[in-house]
Protein chains: 2
Amino acid sequence: MTLRKRRVKLEDIARKLNISIATVSRALDKNPRVKLSTRDKVFKMAKAMGYMPNQIAKSLSSGKTNIIGVIIPRYDEPFFIEVCRGIDHYAREYDYKILISSSRNSFEFERENLISFEKGLVDGIILSPTHETETFVHIKNIINKGIPVVLFDNIREEVQGADHVSIEDDKASFSAVEFLIKKGKKRIAFIGGIKEKKVFQDRYKGYLKAMQEYNITIYEELILHCDSLDRECEDAEIQKFFNGLSIKPDAVFTCTDNYGLLTMKTLLKLGYKIPEEVSVIGFGDLGLGEVFVPSMTCVAQPSFEMGQKVAELLIDQFNEATDVNHRKKVIKLDTKLVLRDST
Amino acid sequence: MTLRKRRVKLEDIARKLNISIATVSRALDKNPRVKLSTRDKVFKMAKAMGYMPNQIAKSLSSGKTNIIGVIIPRYDEPFFIEVCRGIDHYAREYDYKILISSSRNSFEFERENLISFEKGLVDGIILSPTHETETFVHIKNIINKGIPVVLFDNIREEVQGADHVSIEDDKASFSAVEFLIKKGKKRIAFIGGIKEKKVFQDRYKGYLKAMQEYNITIYEELILHCDSLDRECEDAEIQKFFNGLSIKPDAVFTCTDNYGLLTMKTLLKLGYKIPEEVSVIGFGDLGLGEVFVPSMTCVAQPSFEMGQKVAELLIDQFNEATDVNHRKKVIKLDTKLVLRDST
DNA sequence: CTGTTAGCGCATTCAA
DNA sequence: TTGAATGCGCTAACAG
């Protein structure tokens, strides 16, 4: 009751029963090569003694930990959490657990996390690169050691030997902006994120493409690339942006749900009527757009499904014959525009 | 490049250098008992060969994994994620990683997760019990095995040998309701969560206490205990509630941020003016209340800090002499009412 | 059907 | 200052 108890191990059961450790091990494994009566005895004794197998010893011996390492840029972004939920959902079916760590939007942290995973704690790695991640040697190193890797979301460069899952950001934003244009909008503002991040670059490209294709004037003044890495700063940045405009936008396409909500809030405060005077579109559709008044039209990104897919690919890699030249898979998931009251 | 590579191990380095494994091990440990020149040789060779220690082997040998197991009822609740972020933040300082798993609001899953952690994968466990959790024998079992445990948030019963961290839910809601009363509100509605959950029971108690203490009439019709376990259902449930009222509330105290937001949305749609005709208060304050228009007054719960505290207590337990009768600590964190436009 | 033995990779005690 | 040997708890190949 007071001192840390010594765990019951196979040996203890074996000794009590006067049989060998191997037999106990096999019995608990339900190996058919052990007599049923013996198996029963072993199970009863194990239960009586409160036996619990030692996962670490198992892992050392088997070379498998049944843990998937997940590295996301940040916790406080519902998208990543939703992906994790998808991963967890799929992984659990196959008896894998997930070890989540945040790179805190820092390349250095990402590298450290990766190295820590390289120490054999995980069977494979799922990673969403930060905006700072320009070189991919740290990832290639991991792959070269034979550790399965799947990348998702912000993929600047395809890495040989890893699978990739993302959406077609350019197309998704193109469609959304096209929708606004077809509604007759002329002064369409763009609120993007950190310029270094591939997903934001692509969403910007889609915006530009739609504007150009339909010959809509692009006003530099109506374009903002948010630099902020946390919510409060985003809020301030967006407020400042709209306060200083000389041109009144009649629509705003934004690159995250949060930007969309902050935009709506700011516009409402400035007296704009949504959607009568200005339309707003968000990106992600992680639940909040539905609650806001007016509810927000969003590009819906299949986050949970992305998590499931990513986990599926990783577990497929585990089961591949013997890593013989893993052919990388590049999966693009579909997005759709969910229409609500803000447009 | 094609086959899974065999990892470099101590033995490989030792052989190359014609020294013993023990010396290599000590050298890499920077053990002063090994000659500096040897240490240098070893480090160089280790680097050249791309040596990476095997964490599993280390753990088996040392009996420590440096992993903290975290069990939360669900992922899609910002409160829990924020707590995890706090845990991660603190734990990382002490070189611990966190293994998060969700009990999906199910006692059975909670038990399973706990058992899976009992297999020696984690050094200690942080747990937030589900609403279904009535018996605590599964937790006591873990504690009896000498595994450190810290509980947080929804603690129905104090468990001997575990630390506890929570807020004073009754006092927090009392203050919030008192604030509404002092504003002159007479028909104060209450939106709570699952009745089985201790935190909601306590928040309800605080509401009742304030109402009684100030002699305010309590209308049964204005009280709702949400049963839903996911967002869409909550939405429907709350809409239905407000649609059916014969008494018009002049204030609504809600037990989560989400209830608060859904309430505001529903009331706005029904044509209520906030805060002129009706005030709304949320509980949690996890960022969304600030964005909504009008912004929402909230009971602010220190989620990140709760995570840090919980991690601190667990790591303290790790370092305690030798589990000699761990005296459980019960910590109550402070809440405060953050005033915004909805009141 | 069961037992013996040899690892898994590292830390550590005991000798030298 | 270094090496040899043992153990952490379990699996699996090989015998019997």
Side-chain angles (χ1 to χ4, degrees), chain A residues 4-43 45-46 49-67 118-123 145-147, chain B residues 4-43 45-46 49-67 116 118-123 145-146:
Chain A
R4 176 161 223 144
K5 295 193 177 166
R6 201 179 63 76
R7 297 173 61 112
V8 177
K9 49 188 179 178
L10 292 185
E11 194 190 332
D12 300 321
I13 302 180
R15 195 161 22 204
K16 280 260 188 191
L17 255 32
N18 254 317
I19 56 179
S20 76
I21 298 180
T23 301
V24 177
S25 171
R26 280 192 287 253
L28 291 174
D29 251 16
K30 300 198 175 159
N31 185 318
R33 279 173 38 192
V34 34
K35 207 173 17 172
L36 270 182
S37 64
T38 311
R39 182 198 287 185
D40 287 349
K41 269 195 310 187
V42 170
F43 267 92
M45 183 57 77
M49 299 178 72
Y51 172 73
M52 199 54 78
N54 181 323
Q55 187 58 48
I56 298 295
K58 268 190 163 159
S59 296
L60 181 62
S61 173
S62 69
K64 287 199 48 173
T65 62
N66 271 42
I67 300 181
E118 195 184 338
K119 296 191 205 292
L121 201 67
V122 302
D123 291 340
K145 296 228 169 182
I147 301 174
Chain B
R4 177 162 222 141
K5 297 197 177 162
R6 204 178 59 76
R7 298 172 60 111
V8 177
K9 48 188 180 180
L10 292 185
E11 194 189 332
D12 301 320
I13 301 179
R15 195 159 24 204
K16 280 259 187 192
L17 256 33
N18 256 318
I19 56 180
S20 74
I21 299 181
T23 302
V24 177
S25 171
R26 280 191 286 250
L28 292 174
D29 254 14
K30 301 198 175 160
N31 186 320
R33 278 175 39 192
V34 37
K35 213 178 2 176
L36 269 183
S37 63
T38 311
R39 181 198 289 186
D40 287 347
K41 272 196 306 187
V42 170
F43 267 93
M45 182 58 74
M49 301 178 70
Y51 172 73
M52 199 54 80
N54 181 322
Q55 187 58 48
I56 299 294
K58 268 190 161 158
S59 295
L60 182 61
S61 173
S62 69
K64 285 199 48 173
T65 63
N66 271 42
I67 299 180
S116 125
E118 194 183 339
K119 297 191 204 296
L121 201 67
V122 301
D123 291 340
K145 296 226 169 182

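Just so we're on the same page: letters track the sequence lines, and every chain starts at 1.
- Using a 4.0 Å cut-off between a side-chain N of Lys or Arg and a carboxylate O of Asp or Glu, K9(A) and D12(A) do not qualify as a salt bridge.
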Could you go through nucleotides 11-15 of chain C and list every protein N or O atom that sits under 3.5 Å from one of its N or O atoms, giving the distance for each pair?
{"from": "dA11(C)", "atom 1": "OP2", "to": "S25(B)", "atom 2": "OG", "distance (Å)": "2.8"}
{"from": "dA11(C)", "atom 1": "O4'", "to": "S61(B)", "atom 2": "OG", "distance (Å)": "2.8"}
{"from": "dT13(C)", "atom 1": "O4", "to": "R26(B)", "atom 2": "NH1", "distance (Å)": "3.3"}

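- Rounded to an integer number of Å, the gap from K30(A) NZ to dT11(D) C1' is 18 Å.
- For the pair N31(A) CG and dA13(D) P, the interatomic distance rounds to 11 Å; values are reported in whole Å.
- Within the 4.0 angstrom heavy-atom criterion, no nucleotide atom of any strand lies near I56(A).
- Between the NZ atom of K64(A) and the P atom of dC10(D) there is a distance of 19 Å, given to the nearest Å.
- Between P53(B) and K58(B) the shortest side-chain heavy-atom distance falls below 4.5 Å.
- The nearest pair of heavy atoms linking L28(A) to F43(A) is O-CZ, 3.8 Å.
- In this entry the distance linking NZ of K41(B) with C1' of dT2(D) reads 11 Å, nearest Å.
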Item to check | CA sep, side-chain torsions, deciding dist, call: I56(B), I56(A), side chain to side chain contact (heavy atoms under 4.5 Å, CB included) | outcome: CA-CA 6 Å; I56(B) 299 294; I56(A) 298 295; 4.1 Å; yes
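- The shortest distance between side-chain heavy atoms of K145(A) and M52(B) falls below 4.5 Å.
- dG3(D) atom C1' lies 13 Å from atom CG of N18(B), rounded to whole Å.
- Using a 4.0 Å heavy-atom criterion, one finds that S59(B) contacts no nucleic acid atom at all.
- When rounded to the nearest whole Å, the span between CD of E118(B) and C1' of dG9(D) equals 16 Å.
- The nearest whole Å value for the distance from the CG atom in L121(B) to the C1' atom in dC10(D) is 15 Å.
- Rounded to whole Å, the distance from CD on E11(A) to C1' on dG7(D) is 11 Å.
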Next on the checklist: Run the side chain to side chain contact (heavy atoms under 4.5 Å, CB included) test on N54(B) and K119(A) for me, step by step, so that the C-alpha distance in whole Å, both residues' side-chain angles and the decisive distance to 0.1 Å come before the verdict.
Outcome noted: CA-CA 5 Å; N54(B) 181 322; K119(A) 296 191 205 292; over 6 Å; no
